[in-house]
There are 2 protein chains.
Amino acid sequence: MLEHEATLCRKGGLILGLSMRQLAELAGVSRGTIDRALNDRPGIAPEVRAKILQLAQDHGYRSNRAGRMLRLNKSPLLIGIQMPARNNPFFQAVRAGIEQAARDLADFGLSVVWRTMPGYDSAAQVRQVQELIQAGVHGLALVPIDQEPVRRELAGLAAQEIPVIALNNDVSDGRRLCYIGNDYLHSGRIAAGLLGLATGPDPVPTLILTGSNQILGHNQRVSGFRETVAARYPWIQVEAVRENLDDDALSFSLVMEHLDGHPELRAVYLAAGGVAGACRALAARGLTGRVRVVCFDLLDETARCLRDGRITAAISQEPERQGYLAVKTLYDYLLDGTRPPDRIITKNEIIIREHEDVSEHTAAGQRRIP
Amino acid sequence: MLEHEATLCRKGGLILGLSMRQLAELAGVSRGTIDRALNDRPGIAPEVRAKILQLAQDHGYRSNRAGRMLRLNKSPLLIGIQMPARNNPFFQAVRAGIEQAARDLADFGLSVVWRTMPGYDSAAQVRQVQELIQAGVHGLALVPIDQEPVRRELAGLAAQEIPVIALNNDVSDGRRLCYIGNDYLHSGRIAAGLLGLATGPDPVPTLILTGSNQILGHNQRVSGFRETVAARYPWIQVEAVRENLDDDALSFSLVMEHLDGHPELRAVYLAAGGVAGACRALAARGLTGRVRVVCFDLLDETARCLRDGRITAAISQEPERQGYLAVKTLYDYLLDGTRPPDRIITKNEIIIREHEDVSEHTAAGQRRIP
DNA sequence: CTGAAAGCGCTTACAG
DNA sequence: CTGAAAGCGCTTACAG
């Protein structure tokens with residue numbers, strides 16, 4: 001792995017690279033000077049810097065994370081979290097992941113400060129972000145509302161070199177360190193594959209319920225679905241696409257209404273919320289089990305629907321892990337400049353009824369946080 | 001969280017518990033003495049120890065992991081890994097997870113030493129475990145062959161207080177720190193649910209191919225499957241259960257033979273290996289796609305079968321994560337005595353064809369290691 | 001039985 | 001521009 005065996009040192013069987021101390025000895029300077037060179041700090045003669053950098057490269061020097069992490073306890077890192085729609089159970093799962101990461105990293109000099117709000121008001125989001133900056137955060141993770149005021153604010157943070165992570169929802173102009181969340185297009189394709197697997201070869205009249213046509217992720221879940229259906233599952237026949245605004249009552253009446261005109265309905269695909277409402281409508285018409293239901297995110301009511309056999313399957317996107325990784329990724333970046341990939345995509349987990357059956361010791365394991 | 005606010009100290013917004021240094025000041029002793037009391041070391045007056053322990057409890061003292069982790073670089077930790085069947089692609093995935101963890105923890109004073117072997121010879125496994133002990137490992141993870149010589153050896157290690165993790169396969173007498181792997185019974189149930197979802201209501205004559213009746217995990221996958229089928233999916237009719245010894249050639253001929261007697265076959269459930277062989281037999285009879293195939297573990301050939309539509313779905317058990325967690329769990333235990341649960345159960349991930357479709361940025365994300 | 005020192009690898013504030 | 005010291009929290013020799 002490391003190229004210059006000569007400079008490796010072994011301790012109790014462990015092969016180590018060299019430390020700043022050893023590098024200092026090699027270069028004949030103090031450790032402070034090594035630090036100045038390696039970390040681009042001012043107050044060092046250019047030729048000394050060059051020499052040290054060369055030496056570091058030659059010997060494969062890599063900064064040791066344990067040293068930095070301990071050091072951070074002396075001048076701790078503060079990161080801010082901003083989340084909209086705080087009553088949404090999905091975001092509560094994301095939040096649980098964030099809190100777990102905060103606990104895990106507390107010993108390593110990290111602390112986390114929160115701002116949450118109900119709903120999706122971009123002005124309020126901007127205000128809370130500014131509050132976090134005022135509080136002195138070194139980095140920020142938020143579920144951005146992709147509108148102009150928010151984008152402008154994020155551009156400002158980019159200028160100040162404050163790293164920002166877009167969590168669960170991306171911003172369209174990409175002024176952020178990275179995106180962590182679902183690939184919505186792909187998840188739509190998975191949903192199609194799943195419904196394809198659960199149906200056919202007889203025709204399957206299908207209703208699509210999306211949350212809002214204004215939301216990119218929802219649209220991508222619809223188009224990913226349609227694309228795959230067209231390519232592989234011709235028996236799935238989309239009769240209509242309706243917006244339910246993630247609302248159960250609206251979802252209920254849309255399904256009822258649809259059934260009036262299309263009694264042959266055999267599948268409902270929900271790209272966003274309103275799952276329980278749709279299930280209620282099917283139950284009201286005695287169609288539970290006869291009509292396949294595929295949806296996203298396994299929380300609360302949805303889990304209950306799955307256990308009751310009212311849902312065929314759900315596709316989950318590792319919400320806790322999204323939250324955990326947001327904190328961890330920011331921490332690593334702030335610790336030693338580790339650059340994450342542009343997008344960190346979480347899995348599309350297909351959850352069926354049997355996942356919810358509790359076997360001996362299983363439940364805890366299946367629901368563990370990253 | 002911490003109860004005694006009075007003794008908390010704040011630094012840059014971070015709320016910290018107290019350190020050994022502060023505890024030493026409070027107790028009016030040196031840090032060495034604090035260490036002796038807290039870590040049960042000899043050479044300390046009983047009443048001093050008692051006083052310090054009381055004080056630590058009162059102030060909610062918790063040892064800081066960053067301190068310990070850095071310290072480990074001075075006298076590094078060595079853990080041993082023993083794996084059988086080294087050519088098995090499944091174990092290579094586990095291995096990749098172990099190697100990732102080893103890289104992640106190298107900065108924190110961990111190094112890993114390996115012994116692997118072909119096949120499943122318990123005498124050879126015992127020998128390699130002894131070699132690792134000779135090499136001075138502080139802990140051990142292995143895929144144990146659950147036979148008497150191995151169990152006896154593990155009992156010996158338990159007596160020496162060397163922590164051992166059973167990876168992917170448990171030992172029946174439980175002489176180990178913890179088990180990390182699949183819940184085979186549950187995974188059999190998931191397989192049944194999946195096949196149930198992909199079939200019915202017409203009868204589905206089904207062939208079960210298991211690896212070996214000698215292997216507990218395989219038997220559990222069969223019984224979990226049968227149990228759930230009986231309870232929920234009566235149209236799934238098991239015509240036969242045959243052993244293919246994880247062998248593709250045998251698997252091929254068993255399916256061919258079965259089809260001779262049971263041309264109405266509509267599903268094959270593979271509880272272990274030999275997937276490609278079974279698929280080849282179905283293809284030879286022109287039954288690809290007409291006969292549902294559900295199997296475990298997505299590697300190499302199996303992944304290809306899935307992409308080609310020769311498999312309906314596979315159930316994966318996070319092999320990389322199993323390996324990663326084995327190392328991490330041992331490390332945490334050796335670092336500060338963190339006790340893992342008795343069993344750490346990895347997920348049963350249902351993988352369908354659309355998971356393998358590569359979307360823009362998806363592939364890397366879906367296959368990331370923990 | 002107890003304490004003072006040194007060290008793991010890093011960074012910062014201070015003195016020159 | 002550079003170095004020596006102190007410190008993050010822990011543990012281990014060593015001296016008494």
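So that the names make sense, note that chain A is the first sequence line, chain B the second, and so on, each numbered from 1. What's counted below: heavy atoms across the whole structure, side chains too, no hydrogens, waters or symmetry copies.
- In the displayed structure, R41(B) atom CZ is contacted under 6.0 Å by more than 12 heavy atoms of other residues, nucleotides or ligands.
- When heavy atoms are screened at a 4.0 angstrom cut-off, S63(B) is found touching the sugar-phosphate backbone but no base atom.
- Donor-acceptor pairing under 3.5 Å, judged by distance alone, is absent between the side chain of R62(B) and the base of dG9(D).
- Legend: residues meeting side chain to side chain donor-acceptor pair (under 3.5 Å) with N39(A), ordered by chain and number and at least two apart, are D35(A), R68(A).
- By the 6.0 Å and 45° rule, R86(A) does not stack over the aromatic ring of W114(A).
- Y61(A) comes within contact range of the sugar-phosphate backbone alone, with a heavy-atom separation under 4.0 Å but no base atom that close.
- Between the CZ atom of R31(B) and the C1' atom of dA13(D) there is a distance of 15 Å, rounded to whole Å.
- In the model, Q100(A) has a side-chain atom that pairs as donor or acceptor with a side-chain atom of R103(A) under 3.5 Å.
- Side-chain contact between I165(B) and I344(B) is absent, with no heavy atoms from C-beta onward closer than 4.5 Å.
- Here N39(B) reaches the OP1 or OP2 of dT11(D): one of its side-chain N or O atoms lies under 4.0 Å away.
- Neither OP1 nor OP2 of dT2(D) sits under 4.0 Å from any side-chain N or O of R36(A).
- When atom types are taken as modelled, the side chain of K51(A) and the backbone of A27(A) share a donor-acceptor pair closer than 3.5 angstrom.
- No side-chain donor-acceptor contact under 3.5 Å links R21(B) to the backbone of R31(B).
- A donor-acceptor contact shorter than 3.5 Å is absent between the side chain of N168(A) and the backbone of G181(A).
- Taking the side chain of V29(B) as heavy atoms from C-beta on, and the options dC8(D), dG3(C), dC10(C), the nearest nucleotide is dG3(C).
- Listed for the E25(B) side chain is no donor-acceptor partner under 3.5 Å among the backbone atoms of Q22(B).
- Protein atom CG of L335(A) is 9 Å distant from nucleotide atom P of dT11(C), rounded to whole Å.
- In this structure, CG of N64(A) is placed 10 Å from P of dT11(C), rounded to the nearest angstrom.
- Note on R68(A): a side-chain N or O is less than 4.0 Å away from OP1 or OP2 of dT11(C).
- Side-chain proximity of S30(B) to the nucleotides dA6(C), dC8(C), dG3(C) is greatest for dG3(C).
- For dT12(C), one of the phosphate oxygens OP1 or OP2 lies less than 4.0 angstrom from a side-chain nitrogen or oxygen of R41(A).
- We find that CZ of R65(B) is positioned 19 Å from P of dG9(C), with the value rounded to whole Å.
- In this structure, G67(B) and G28(B) both approach DNA chain C, and ranking their closest nucleotides by distance from the 5' end singles out G28(B).
- For D35(A), the side-chain atoms get nearest to dT12(C) when compared with the rest of dT12(C), dC10(D), dC10(C).
- Look at R65(B) and D332(B) and you find a salt bridge, because one of the NZ, NE, NH1 or NH2 atoms lies within 4.0 Å of a carboxylate O, short of that distance.
- The interatomic distance linking L70(A) (CG) with dG7(C) (P) rounds to 17 Å, in whole Å.
- Remark: P of dT12(D) and CG of N73(B) are 14 Å apart, rounded to the nearest angstrom.
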(message) Only Watson-Crick and G-U wobble pairs with both distances less than 3.5 Å should count. Give DNA chain C in dot-bracket notation, marking inter-strand partners with |.
(response) |||.||||||||.|||

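- Phosphate contact (OP1/OP2 of dG9(D), side-chain N/O of R71(A), threshold under 4.0 Å): absent.
- Taking a 4.0 Å limit (strictly below) on heavy-atom distances, residues 42-49 of chain A reaches DNA chain D at G43(A), I44(A), A45(A), V48(A).
- Rounded to whole Å, atom P of dG7(C) lies 13 Å from atom CD of Q22(A).
- By the neighbour-count criterion of 12 heavy atoms within 6.0 Å, atom CZ of R151(B) is densely surrounded, having more than that number from other residues, nucleotides or ligands.
- A gap of 15 Å separates the P atoms of dG7(D) and dA4(C), to the nearest Å.
- L72(A) places its CG atom 17 Å from the P atom of dG9(C), with the value rounded to the nearest Å.
- For R21(B), counting side-chain heavy atoms from C-beta on, the closest listed nucleotide (dC8(C), dC8(D), dT11(C)) is dC8(D).
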